[in-house]
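Only one structure is covered here, and it is reproduced in the block below.
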Amino acid sequence: VDVLATDDERGATAPVVTGALVVGAPDPTADSAGTAIGSTLGPRIDLAVADRTAASALVDAAVRHELTLVLPTPTDVRD
């Protein structure tokens, strides 16, 4: 998936990470719900990214902005 960050004050959206892998979507009723970085207003999605730089950018964006996940189209999926 690609991750976009929206800055509500500026009204701008920019890509943060491309090609992240979704590795989990924990049950929101579990004991760990609400322990993720950033807002607790939406579902928690666990992502794996390529390197430390991408991880740092993702964490920074999660704290400062609203994130959007862009799912690949079926033609983008590879075997």
Side-chain angles (χ1 to χ4, degrees):
V1 299
D2 295 337
V3 182
L4 307 178
T6 300
D7 183 338
D8 289 334
E9 292 178 11
R10 292 189 213 170
T13 300
V16 178
V17 175
T18 59
L21 298 175
V22 175
V23 295
D27 180 352
T29 62
D31 289 339
S32 62
T35 61
I37 296 170
S39 174
T40 58
L41 298 177
R44 174 179 158 182
I45 305 296
D46 296 335
L47 301 175
V49 295
D51 55 37
R52 187 179 304 251
T53 301
S56 294
L58 188 57
V59 169
D60 183 63
V63 171
R64 299 173 189 269
H65 307 293
E66 182 174 329
L67 300 183
T68 301
L69 300 181
V70 180
L71 304 176
T73 62
T75 57
D76 290 341
V77 176
R78 295 181 178 91
D79 293 324

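From a predicted model like this one, the values you see are computed outputs, not experimental measurements.
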| If every non-hydrogen atom of Asp2 is compared with every non-hydrogen atom of Gly19, which pair is closest and at what distance? | OD1-N, 3.0 Å

| said: I'd like to know if the side chain of Asp8 reaches the main chain of His65, judged simply by a donor and an acceptor atom lying under 3.5 Å from each other, with no hydrogens or angles considered. | reply: no

| query | When rounded to the nearest 0.5 angstrom, what distance separates OG1 in Thr6 from CZ in Arg64? | reply | 15.5 Å

| request: Taking the side chain as every heavy atom from C-beta outward, state whether Val1 and Val70 have any pair of such atoms under 4.5 Å apart. | output: no

| From CG (Leu69) to CG (Leu47), nearest 0.5 Å | 6.0 Å

| remark: Heavy-atom nearest pair, Val23 first then Ala48, reads CG1-CB, 3.8 Å

| Between Val3 and Thr68, is any pair of side-chain heavy atoms under 4.5 Å apart? | no

| field | Pair Leu67-Ile45, side chain to side chain contact (heavy atoms under 4.5 Å, CB included): steps then yes or no | value | CA-CA 11 Å; Leu67 300 183; Ile45 305 296; over 6 Å; no

| request: Please check if Val49 and Leu71 belong to a single hydrophobic cluster, counting links between Ile, Leu, Val, Met, Phe, Trp and Tyr side chain heavy atoms closer than 4.5 Å. | output: yes

